[in-house]
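One structure is given here, and the rest of the page talks about it.
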Amino acid sequence: MSDSSIAGVLAALRGSFRARFEGAATEQALRDENAKILGKKGELTAILKQMGSIPADARKAVGEQVNAVRREVETAFEECLVALARAQREADLQAAPFDLSLPGREVAPLGHAHPISIVRDEIVDILVSLGFAVHDGPEVELEENNFTKLGFPPDHPATDMQDSFWVKVAGAPDDARTLLRTHTSNIQVRAMSSHEPPMAFIAPGTTYRRDDDATHSPMFHQIECFLVDRNVTMAHLKGVLGEFAERFFGAGTPVRLRPSYFPFVEPGAEVDVGCPFCKQPDGTRPGCGVCKRTGWIEILGCGMIHPVVFESCGIDPETWSGFALGMGLERVAVVRYGIPDMRLLFENDPRFLAQF
Ligand code: DAH
């Protein structure tokens with residue numbers, strides 16, 4: 001390129017760069033335009049690369065011109081950059097204001113405790129407040145803790161009634177029969193075999209029987225409650241039951257005991273509470289579908305701990321006495337919430353569970 005053609009290119013550039021910069025609508029477009037002039041392959045850079053071919057006497061003057069144009073381009077670029085930012089800020093300020101009063105985006109629902117857990121926690125809270133401590137225990141249990149030491153003879157019909165899941169436990173002695181516990185009453189045996197009286201325990205937990213229909217599930221939950229001390233009577237038992245019914249089912253809920261049989265209590269009873277569903281403002285309960293028109297709903301079994309149980313746990317029944325009760329949590333949840341089919345509790349349908 002001759003020095004005169006360089007001068008021509010420089011003049012053309014000088015006459016056009018400002019309009020090119022001003023025509024850029026965005027910062028990116030402006031930077032692209034700048035790069036076309038000053039970048040590695042830019043127009044002005046190309047001229048600089050030609051400088052060596054210019055005769056020495058003209059080189060200085062051309063160099064000065066090129067540098068002058070370069071400075072003008074750089075200044076214009078900075079000015080346009082500032083102008084673009086200012087225009088953007090102005091547009092933001094003029095735009096419709098951000099509405100702080102708009103409702104927030106909905107957070108995905110977190111879920112909540114299962115109805116069985118809700119009633120379990122409530123019952124535990126009530127009984128703990130009465131002075132009972134929580135006692136844990138295994139779901140895979142020895143036959144002797146689940147049945148034998150509770151006074152079930154080997155051929156007792158209750159072992160049929162509580163048709164069991166028998167399991168083999170690796171490494172267990174051949175004569176140690178094991179099963180999934182059929183009730184939480186095993187904790188009576190475990191606590192009484194490892195603690196000196198007096199004692200007052202509750203034991204919530206999972207239990208298993210080979211049953212499956214609208215009112216029985218093969219896996220279900222119970223809470224056991226028992227107290228061992230001197231001179232314990234049915235009155236203590238009834239006091240705890242009455243307090244529990246008042247607090248769990250509501251003030252004024254009546255309790256009645258019906259004689260019944262369980263091998264590990266004597267006397268034994270089943271407990272009904274006044275049906276919460278047909279309760280009238282005057283306190284009467286004329287009967288409804290839930291209580292099968294009786295006004296009463298059965299919720300648990302109970303009684304005075306049988307001397308045989310004390311003896312099998314190494315406790316002297318002449319000195320010590322006690323009461324025990326065992327409650328089905330599904331049963332209580334069904335009564336509490338008016339659930340028509342117990343199996344709903346285990347289907348995990350969110351449309352059902354969301355209602356609690
Ligand atoms: N274990 C009994 C059952 O599962 C319930 C029961 C009845 C527990 C009487 C007790 C009791 O502690 O005294 O059917």
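A quick note: this is a predicted structure, and the numbers were derived from the prediction, not measured. Side chains included, hydrogens not; waters and symmetry mates left out as well; all remaining heavy atoms used.
With hydrophobic clusters built from ILVMFWY side chains whose heavy atoms lie under 4.5 angstrom apart, Ile116 shares a cluster with Ile223. Residues Val271 and Val290 share a single hydrophobic cluster, defined by chaining ILVMFWY side chains whose heavy atoms lie under 4.5 Å apart. Grouping the Ile, Leu, Val, Met, Phe, Trp and Tyr side chains by contacts below 4.5 angstrom, directly or via other members, places Val335 with Leu241. In terms of hydrophobic clustering, with Ile, Leu, Val, Met, Phe, Trp and Tyr side chains grouped at heavy-atom distances under 4.5 Å, Val128 and Met327 are assigned to a common cluster. Both Val69 and Leu48 sit in one connected hydrophobic cluster of ILVMFWY residues. Membership requires side-chain heavy atoms under 4.5 Å apart, directly or through other members.
Residues Ile305 and Val228 have side chains in contact (heavy-atom distance under 4.5 Å, counting atoms from C-beta outward). Using a 4.5 Å heavy-atom cutoff, the side chains of Arg210 and Phe165 are in contact. Within the 4.5 Å cutoff, no side-chain heavy atoms of Phe323 are placed close to those of Val265. Counting heavy atoms from C-beta outward, Arg20 and Ile37 have side chains that approach closer than 4.5 Å. Between Lys238 and Leu257, some side-chain heavy-atom pair lies under the 4.5 Å cut-off. Within the 4.5 Å cutoff, side-chain heavy atoms of Leu150 are placed close to those of Val189. Inter-residue side-chain proximity for Phe132 and Phe226 is flagged as unmet; no heavy-atom pair is nearer than 4.5 Å. Within the 4.5 Å cutoff, the side chain of Ile47 has no heavy atoms near those of the Glu43 side chain.
Using modelled atom types, no side-chain atom of His114 and backbone atom of Asn348 make a donor-acceptor pair closer than 3.5 Å. Under a 3.5 Å cut-off, the side chain of His216 and the backbone N or O of Asp213 do not form any donor-acceptor pair. Proximity of a side-chain donor or acceptor of Thr45 to a complementary backbone N or O of Lys41 within less than 3.5 Å is not detected. Between the side chain of Ser193 and the backbone N or O of Arg190, no donor-acceptor pair lies under 3.5 Å. The backbone N or O of Glu74 sits nowhere less than 3.5 Å from a side-chain atom of Glu78 that would complete a donor-acceptor pair. Using modelled atom types, no side-chain atom of Thr207 and backbone atom of Arg181 make a donor-acceptor pair closer than 3.5 Å. A distance-only check finds no donor-acceptor pair linking the side chain of Thr284 to the backbone of Pro286 [under 3.5 Å].
Remark: His221 NE2 to Ser117 OG distance equals 7.5 Å, nearest 0.5 Å. In this structure, the separation between OG on Ser164 and CZ on Arg177 is 8.5 Å, given to the nearest 0.5 Å. Note that the CG atom of Leu10 and the CZ atom of Arg70 stand 11.5 Å from one another [nearest 0.5 Å]. Here Asp212 contributes atom CG and Met342 contributes atom CE; the two are 8.0 Å apart, rounded to the nearest 0.5 Å. To the nearest 0.5 Å, atom CG of residue Leu329 and atom CD1 of residue Ile299 are 11.0 Å apart. Atom OG of Ser312 sits about 8.0 Å away from atom CE of Met192, to the nearest 0.5 Å.
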TODO: I would like to know whether Ile339 and Phe356 meet side-chain contact (heavy atoms from CB on, under 4.5 Å); could you show each step before the answer?
DONE: CA-CA 11 Å; Ile339 298 167; Phe356 297 93; 3.8 Å; yes

Open item on the list: Please evaluate residues Asn186 and Glu141 with respect to the criterion side chain to side chain donor-acceptor pair (under 3.5 Å), reporting the C-alpha separation (whole Å), side-chain torsions for both, the decisive distance (0.1 Å), and the verdict.
Closed with: CA-CA 8 Å; Asn186 67 323; Glu141 184 55 291; 2.9 Å; yes

Open item on the list: Test side-chain contact (heavy atoms from CB on, under 4.5 Å) on Phe21 and Leu30; report intermediate values, then the result.
Closed with: CA-CA 6 Å; Phe21 283 173; Leu30 177 63; 3.8 Å; yes

Open item on the list: Quick one, Leu237 with Met234, criterion side-chain contact (heavy atoms from CB on, under 4.5 Å). Give me CA distance, side-chain angles, the key distance, then yes/no.
Closed with: CA-CA 5 Å; Leu237 170 59; Met234 289 288 270; 4.0 Å; yes

Open item on the list: Let's go through Phe248 and Val332 carefully: what are the C-alpha distance in whole Å and the side-chain angles of both, what is the deciding distance for side-chain contact (heavy atoms from CB on, under 4.5 Å) to 0.1 Å, and is it a yes or a no?
Closed with: CA-CA 10 Å; Phe248 187 79; Val332 173; 3.1 Å; yes

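Using a cutoff of 4.0 Å between basic side-chain nitrogens and carboxylate oxygens, Arg31 and Glu27 are scored as salt-bridged. The existence of a salt bridge linking Arg331 and Glu270 is excluded, since no basic side-chain nitrogen approaches an acidic carboxylate oxygen closer than 4.0 Å. Salt bridge present: Arg258 and Glu298 bring a charged side-chain N and a carboxylate O closer than 4.0 Å. Taking 4.0 Å as the cut-off between side-chain N and carboxylate O, Lys36 and Glu33 count as a salt-bridged pair.
Within a 6.0 Å radius of CD in Glu196, no more than 12 heavy atoms belonging to other residues, nucleotides or ligands are found. Under a cut-off of 6.0 angstrom, the local environment of CG in Asp136 is sparse, with at most 12 non-hydrogen atoms contributed by other residues, nucleotides or ligands. Within 6.0 Å of CG on Asn231 lie no more than 12 heavy atoms contributed by other residues, nucleotides or ligands.
What you find for Ala76 and Phe17 is that their closest heavy atoms are CB-CE1, 3.5 Å. Heavy-atom minimum distance, Ser321 versus Val232: OG-N, 2.8 Å. Annotation for Val255 and Ala245: closest pair CG2-CB, 3.5 Å, computed over non-hydrogen atoms. Summarising the geometry of Phe277 relative to Ile297, their closest heavy-atom pair is CD1-CD1, 4.5 Å, with the distance given to 0.1 Å. The shortest non-hydrogen separation linking Gly287 to Cys278 is N-SG, 3.3 Å. Of all heavy-atom pairs spanning Val167 and Thr178, the tightest one is O-OG1, 2.7 Å.
Geometrically, Arg209 does not engage Phe220 in a cation-pi contact, judged by NZ or CZ lying under 6.0 Å from the ring centre and within 45° of the ring axis.
Taking the six-membered ring where tryptophan is involved, the planes of Trp166 and Phe147 are tilted, since the angle between them lies from 30° to 60°.
Aromatic pair His183/Phe262: ring centres not closer than 6.0 Å.
Judged as a salt bridge (charged side-chain N to carboxylate O under 4.0 Å, His left out), the pairs with a partner in residues 239-248 (not counting sequence neighbours) are, in order, Glu243-Arg247.
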